[in-house]
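Data block below; observations after.
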Amino acid sequence: DLDAALAEFKKHIRGETETYRAEYRMKAKGGSWRWIQDVGRVIERTENGVALRAIGVHIDIDQSKRLEHALSSIVSFRQIDSSESMLQHMCRVLTEALDVDIACIAKLDGHGVPSARVIAGWSPEGPTSEFEYDLHGTPCEVTHRSDYCHIENQVQSSFPSDLFLTEVGAASYTGLVLRDSSNEPIGLLVLLDTKDRRDTPESQSMLRLIGARAAAELERHQIEVELH
């Protein structure tokens with residue numbers, strides 16, 4: 001990022017462009033990296049054109065940039081021999097784009113007591129293993145009833161019987177119901193993080209956009225299973 005930003009800055013200083021504009025990642029105080037749009041303009045020069053004074057502003061474009069990269073990554077994904085590989089890829093993209101520890105996609109069991117089976121996921125250790133769990137007593141039960149659920153902090157205290165939350169050290173939770181082409185619920189898209197996490201319009205939009213694609217892949221997966 002640095003070389004490209006410096007090149008644009010030098011062009012403007014030399015008077016080759018009317019304004020200076022660049023996008024790059026900047027390290028925040030907490031140690032994370034955020035996308036910044038830098039916009040500026042020289043407002044005073046000497047008679048020889050040497051820059052004396054300039055004004056500018058830094059604009060935080062991190063959320064929009066993450067969304068752009070996430071969608072681009074999913075659209076350009078070419079490994080479509082197995083829908084599970086695509087779902088796995090979506091989970092990895094979500095952890096990177098939204099800076100969360102765990103993202104997983106579960107298939108809902110429509111028979112008897114509501115339960116779900118995680119068929120794709122990504123964690124700090126890499127791909128997650130498949131496992132089945134009952135929705136009762138979990139935040140996924142709330143998601144299943146309301147279509148969308150976000151718990152900013154202390155999710156373990158709110159659902160003490162959910163031992164998986166304790167196992168992964170979850171502090172926050174976000175869940176979205178995935179629906180098929182008939183608008184029937186077929187799965188859940190879940191985010192877990194070990195830190196408190198606010199729900200923003202940008203992150204919710206990203207989750208719903210990727211969730212729609214995940215629902216289509218999950219429906220395709222179910223059709224493949226039925227055909228075999």
Side-chain angles (χ1 to χ4, degrees), residues 82-197 199 203-204 206-208 210-226 228:
S82 166
S83 57
E84 284 121 323
S85 65
M86 180 58 163
L87 293 173
Q88 192 87 24
H89 177 70
M90 288 181 176
C91 291
R92 180 173 63 82
V93 167
L94 276 171
T95 60
E96 295 171 354
L98 295 178
D99 190 25
V100 296
D101 293 308
I102 297 173
C104 57
I105 294 171
K107 176 185 174 183
L108 285 170
D109 182 0
H111 306 289
V113 178
S115 63
R117 180 172 186 80
V118 172
I119 61 172
W122 197 266
S123 73
E125 289 74 40
T128 61
S129 301
E130 290 193 14
F131 65 93
E132 191 167 349
Y133 66 101
D134 291 335
L135 268 59
H136 180 68
T138 73
C140 289
E141 182 180 25
V142 179
T143 302
H144 187 239
R145 289 199 309 263
S146 58
D147 262 22
Y148 183 82
C149 174
H150 177 78
I151 300 170
E152 184 173 336
N153 53 42
Q154 298 182 341
V155 66
Q156 292 183 49
S157 300
S158 301
F159 298 90
S161 61
D162 189 340
L163 300 182
F164 182 69
L165 297 176
T166 305
E167 180 184 332
V168 300
S172 58
Y173 166 97
T174 306
L176 174 71
V177 169
L178 305 178
R179 295 183 175 274
D180 64 14
S181 54
S182 300
N183 203 36
E184 292 296 322
I186 56 171
L188 299 170
L189 176 54
V190 173
L191 306 178
L192 294 171
D193 205 358
T194 55
K195 58 184 180 296
D196 296 353
R197 180 174 171 273
D199 194 21
S203 63
Q204 190 175 146
M206 183 188 299
L207 193 65
R208 291 187 183 278
I210 295 180
R213 180 67 187 275
E217 290 296 323
L218 186 56
E219 184 173 17
R220 184 164 74 94
H221 171 252
Q222 289 186 341
I223 293 172
E224 289 175 353
V225 171
E226 291 171 1
H228 291 83

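In this text the structure is predicted, and so the values were computed from the model without any measurement.
- Contact check for L218 versus I119: side-chain heavy atoms found under the 4.5 Å cut-off.
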Chi angles and distances behind the side chain to side chain contact (heavy atoms under 4.5 Å, CB included) call for Q204, H150: CA-CA 10 Å; Q204 190 175 146; H150 177 78; over 6 Å; no
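- Every salt bridge (Lys or Arg N to Asp or Glu O under 4.0 Å) that E96 has, sequence neighbours left out, goes to R92.
- The distance from atom NZ of K107 to atom CG of D109, rounded to the nearest 0.5 Å, is 8.0 Å.
- The CG atom of N153 sits 4.5 Å away from atom CG of D196, with the distance rounded to the nearest 0.5 Å.
- To the nearest 0.5 Å, the span separating CZ on R220 from CE on M86 amounts to 8.5 Å.
- When all heavy atoms of I151 and P139 are compared, the closest pair comes out as CD1-CB, 4.0 Å.
- Contact of the E132 side chain with the S115 side chain is registered, since non-hydrogen atoms from C-beta on lie closer than 4.5 Å.
- No salt bridge links E184 with R179; every basic N to acidic carboxylate O contact stays at or beyond 4.0 Å.
- In this structure, E219 contributes its side chain and S181 its backbone to a donor-acceptor pair below 3.5 Å.
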I105 and L188: CA distance, side-chain angles, deciding distance, side chain to side chain contact (heavy atoms under 4.5 Å, CB included) verdict: CA-CA 6 Å; I105 294 171; L188 299 170; over 6 Å; no
Worked verdict on S172 versus D193 for side chain to side chain contact (heavy atoms under 4.5 Å, CB included): CA-CA 5 Å; S172 58; D193 205 358; 3.4 Å; yes
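- For the pair S203 (side chain) and D199 (backbone), a donor-acceptor distance under 3.5 Å is absent.
- Taking each heavy atom of V177 and H144 in turn, the nearest pair found is CG2-CA, 4.0 Å.
- At a threshold of 4.5 Å between non-hydrogen side-chain atoms, the residues R197 and L98 count as touching.
- Heavy-atom minimum distance, L207 versus L176: O-CD2, 3.7 Å.
- Distance check, rounded to the nearest 0.5 Å: SG of C91 to CD1 of I102 gives 11.0 Å.
- Applying the ring pair (Phe, Tyr, Trp, His ring centres under 6.0 Å) test to residues at least two apart or on different chains, none of the pairs has a partner in residues 169-193.
- Judged purely by atom type and a 3.5 angstrom limit, E141 uses its side chain to pair as donor or acceptor with the backbone of G137.
- Side-chain polar atoms of T194 and D101 form a donor-acceptor pair below 3.5 angstrom.
- Residues V93 and W122 have side chains not in contact (no heavy-atom distance under 4.5 Å, counting atoms from C-beta outward).
- G211 and L178 get closest at one heavy-atom pair: O-CD2, 3.3 Å.
- Applying the side-chain contact (heavy atoms from CB on, under 4.5 Å) test to F131 and every residue at least two apart in sequence or in another chain returns V118, Y133, F164.
- For the pair I210 and L94, the minimum side-chain heavy-atom distance is below 4.5 Å.
- Of all heavy-atom pairs between T143 and C149, the closest is OG1-CB, 3.3 Å.
- The side-chain hydrogen bond (donor to acceptor under 3.5 Å, both in side chains) test applied to T95 returns no partner, not counting sequence neighbours.
- Among all heavy-atom pairs drawn from D99 and K195, the shortest one is O-NZ, 3.0 Å.
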Derivation and outcome, side chain to side chain contact (heavy atoms under 4.5 Å, CB included), residues C104 and V190: CA-CA 5 Å; C104 57; V190 173; 3.9 Å; yes
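- Looking at residues two or more places apart in sequence or on another chain, you find a side-chain contact (heavy atoms from CB on, under 4.5 Å) between Q156 and L165, T166.
- Within the 3.5 Å criterion, the main-chain N or O of G121 finds a donor-acceptor partner in the side chain of Q88.
- Every residue meeting the side-chain hydrogen bond (donor to acceptor under 3.5 Å, both in side chains) condition with E125, not counting sequence neighbours, appears here in chain and number order: S123.
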